[in-house]
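Just so it is clear, the values below take in all heavy atoms, side chains as well, and ignore hydrogens, waters and symmetry mates.
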Amino acid sequence: MTTPLKAATALAAVLLLILTTAAPAQAANPATKPPVSGSLGTYNVSGVYVTGVSSGGYLATQLHVAYSSRIRGAAVFAAGPYYCAQNNVAQALYGCGDNQYPTNLSALQAYTRTWASYGWVDPVGNLSGDPVYVFHGGNDTTVKKSVTDDLVRYYQHFGASVQYDSGSAAGHSWVTPYGTRGCTATASPFLNDCGVDPQNALLRKLLGGVNAPNTGPLGGTLIRFSQNTFAVNGWANGLSMDANGFAYVPSACAAGQSCRLLVALHGCLQGYGSVGTAFVDRANLNQYADTNNLIVLYPQASTAGTNPNGCWDWWGYLGATNYPIKGGAQLETVMNMVRRLDG
């Protein structure tokens with residue numbers, strides 16, 4: 001008999017970011033800022049957006065759908081449609097990573113409408129016209145293209161304005177000019193250099209325009225803050241979240257200028273406990289943040305017995321069925337951080 005722990009471990013082994021022996025690329029080294037211990041402040045935030053990769057991509061969509069009155073758009077790498085796993089490990093494995101099972105897209109859309117009528121997620125009308133950027137790499141076999149195709153169809157069904165980038169040869173990864181792996185790899189730290197800049201594309205889509213990134217020394221502050229302060233149970237580790245998260249705050253935002261907020265969610269085996277600040281430093285978001293008055297929030301997941309690879313909860317590993325809706329433990333914890341930052 002398969003126990004929940006064995007099933008979750010199987011999911012981690014098959015669906016999640018898988019280490020390989022791919023050779024690292026000769027990466028460009030971005031300017032970085034060492035983290036400074038502090039607390040999240042409140043800033044003059046004019047809009048909130050979310051992005052993520054793999055399990056972070058699934059969580060990004062959960063945040064967007066559940067809180068669409070507050071979150072204005074999403075950029076998703078290497079993930080499938082909202083509530084794809086349907087609280088079922090087998091469905092997560094075979095329907096939301098592999099495509100042996102269908103995603104049941106029409107049912108997912110129906111769930112969304114029903115839950116909106118209950119107030120469990122925000123009204124679906126909020127999604128109409130929202131900017132959405134979706135990325136899938138041609139060598140990503142962890143999440144099959146047909147699964148990501150259904151994410152695009154899911155958003156289009158609700159009237160979102162979707163830009164779909166599926167022409168890259170990327171493996172299962174966050175693609176960035178500062179990637180340390182070759183384009184086709186699926187290997188730690190899952191930051192691949194494909195000779196392109198998807199961050200320019202996603203920010204142009206989400207924000208309506210983007211200034212060139214800061215290629216010199218960063219001018220902002222990277223804050224390391226306690227996630228316990230925002231955890232719904234007061235203890236982030238109990239939610240498979242790290243004790244600390246990070247936020248990059250440009251100097252203009254700290255000085256009170258109007259800024260937008262981007263929540264950036266790493267993938268499995270990509271949090272601080274696995275790769276340190278590699279995602280925070282190399283995602284190519286802080287460089288754009290400096291020149292576009294953009295605060296970037298980097299929440300951090302961590303490992304747990306039912307989550308050995310430090311993924312975000314998109315299939316119910318915390319044991320609660322409300323993981324994709326308002327009140328879900330990780331969703332609400334991240335939203336508590338957003339509420340602090342945007343007042």
Got a donor-acceptor contact below 3.5 angstrom from the Y43 side chain to the V249 backbone?
no

Quick check: are there more than 12 heavy atoms from other residues, nucleotides or ligands sitting under 6.0 Å from OH of Y82?
yes

From S106 atom OG to H157 atom NE2, the distance as rounded to the nearest 0.5 Å:
9.0 Å

Can D242 and Y272 be said to form a side chain to side chain donor-acceptor pair (under 3.5 Å), step by step?
CA-CA 8 Å; D242 197 273; Y272 182 77; over 6 Å; no

Roughly how far, to the nearest 0.5 Å, is the SG atom of C311 from the OH atom of Y58?
12.0 Å

Heavy-atom distance under 4.5 Å between the side chains of N192 and T184, does that happen here?
no

Modelled atom types, side-chain donor and acceptor of S37 and R224, under 3.5 Å:
yes

Checking Q300 side chain against Y298 main chain: does a donor-acceptor pair fall under 3.5 Å?
yes

Here the gap from S302 atom OG to N307 atom CG, rounded to the nearest 0.5 Å, amounts to 7.5 Å

In Å and rounded to the nearest 0.5 Å, what is the SG to CD distance from C84 to Q86?
7.0 Å

List in chain and number order the residues that pass ring-ring contact (aromatic ring centres under 6.0 Å, His included) with Y101, two or more places apart in sequence or in another chain; answer none if no residue qualifies.
Y94

Minimum heavy-atom distance I71-H64, with the two atoms named
O-CD2, 3.4 Å

Could you grab the distance from atom CD of Q62 to atom CD of Q330, nearest 0.5 Å is fine?
8.5 Å

If we ignore hydrogens and angles and just use 3.5 Å, is the side chain of N336 paired with the main-chain N or O of R339 as donor and acceptor?
no

Side-chain touch V263/V334, heavy atoms, less than 4.5 angstrom:
yes

Measure from the side-chain N and O atoms of Q287 to the backbone N and O of A31, and report whether any donor-acceptor pair falls under 3.5 Å.
yes

Can you name the closest pair of heavy atoms from A201 and Q163 and give their distance?
CB-NE2, 4.2 Å

Would you tell me whether N284 and D197 have side-chain atoms, one donor and one acceptor, within less than 3.5 Å of each other?
yes

Taking every heavy atom of D140 against every heavy atom of V143, the minimum-distance pair comes out as OD1-N, 3.0 Å

Sub-3.5 Å donor-acceptor pair from the side chain of T176 to the main-chain atoms of Y178, do we have one?
yes

Do L265 and P299 make a side-chain contact, defined as non-hydrogen atoms from C-beta onward lying under 4.5 Å apart?
yes

Any carboxylate oxygen within less than 4.0 angstrom of a Lys/Arg side-chain nitrogen, looking at D130 and R72?
no

Please determine whether residues L262 and L191 belong to a single hydrophobic cluster, defined as Ile, Leu, Val, Met, Phe, Trp and Tyr linked transitively by side-chain heavy-atom distances below 4.5 Å.
yes

Taking atom CZ of R340 as the centre, does the number of heavy atoms from other residues, nucleotides or ligands within less than 6.0 Å exceed 12?
no

With no hydrogens and no angle check, do the side chains of S69 and D122 hold a donor and an acceptor under 3.5 Å apart?
yes

Quick check: closest heavy atoms across L239 and A231, and the distance to 0.1 Å?
CD1-CB, 3.9 Å

Heavy-atom side-chain proximity of L269 to F190 below 4.5 angstrom
yes

Run the side chain to side chain contact (heavy atoms under 4.5 Å, CB included) check on L222 and F246 step by step: do they pass?
CA-CA 7 Å; L222 181 64; F246 301 89; 4.1 Å; yes

Look only at the side chain of R204 and the backbone of V210, and say whether a donor-acceptor pair between them is shorter than 3.5 Å.
no

What about L261 and L40, same hydrophobic cluster or not, with Ile/Leu/Val/Met/Phe/Trp/Tyr joined at side-chain heavy-atom distances under 4.5 Å?
yes

Side-chain donor or acceptor of N88 paired with backbone N/O of A92 under 3.5 Å
no

Distance check, rounded to the nearest 0.5 Å: L341 atom CG versus I223 atom CD1?
8.0 Å

Side-chain touch T148/F135, heavy atoms, less than 4.5 angstrom:
no

Side chains of T103 and Y154 only: does a donor on one sit below 3.5 Å from an acceptor on the other?
no

Could you label the plane-to-plane angle of the F279 and W174 rings as parallel, tilted or perpendicular, counting under 30° as parallel and over 60° as perpendicular?
perpendicular

Would you please classify the geometry between the Y83 ring and the Y323 ring as parallel, tilted or perpendicular, with 30° and 60° separating the classes?
tilted

Within the side chain of E332, is there an N or O that forms a donor-acceptor pair under 3.5 Å with the backbone of G327?
yes

Looking only at non-hydrogen atoms, find the nearest pair between P81 and L108 and report the distance.
CG-CD1, 3.7 Å

Between W312 and H266, is there a donor-acceptor pair closer than 3.5 Å when you use the side chain of the first and the backbone of the second?
yes

Write down the atom of P308, the atom of T306, and the distance for their closest heavy-atom approach.
CD-C, 3.6 Å

Is the backbone N or O of T32 less than 3.5 Å from a side-chain atom of N286, with the two atoms forming a donor-acceptor pair by type?
no

Should L151 and V162 be counted in the same cluster of Ile, Leu, Val, Met, Phe, Trp and Tyr side chains packed under 4.5 Å apart?
yes

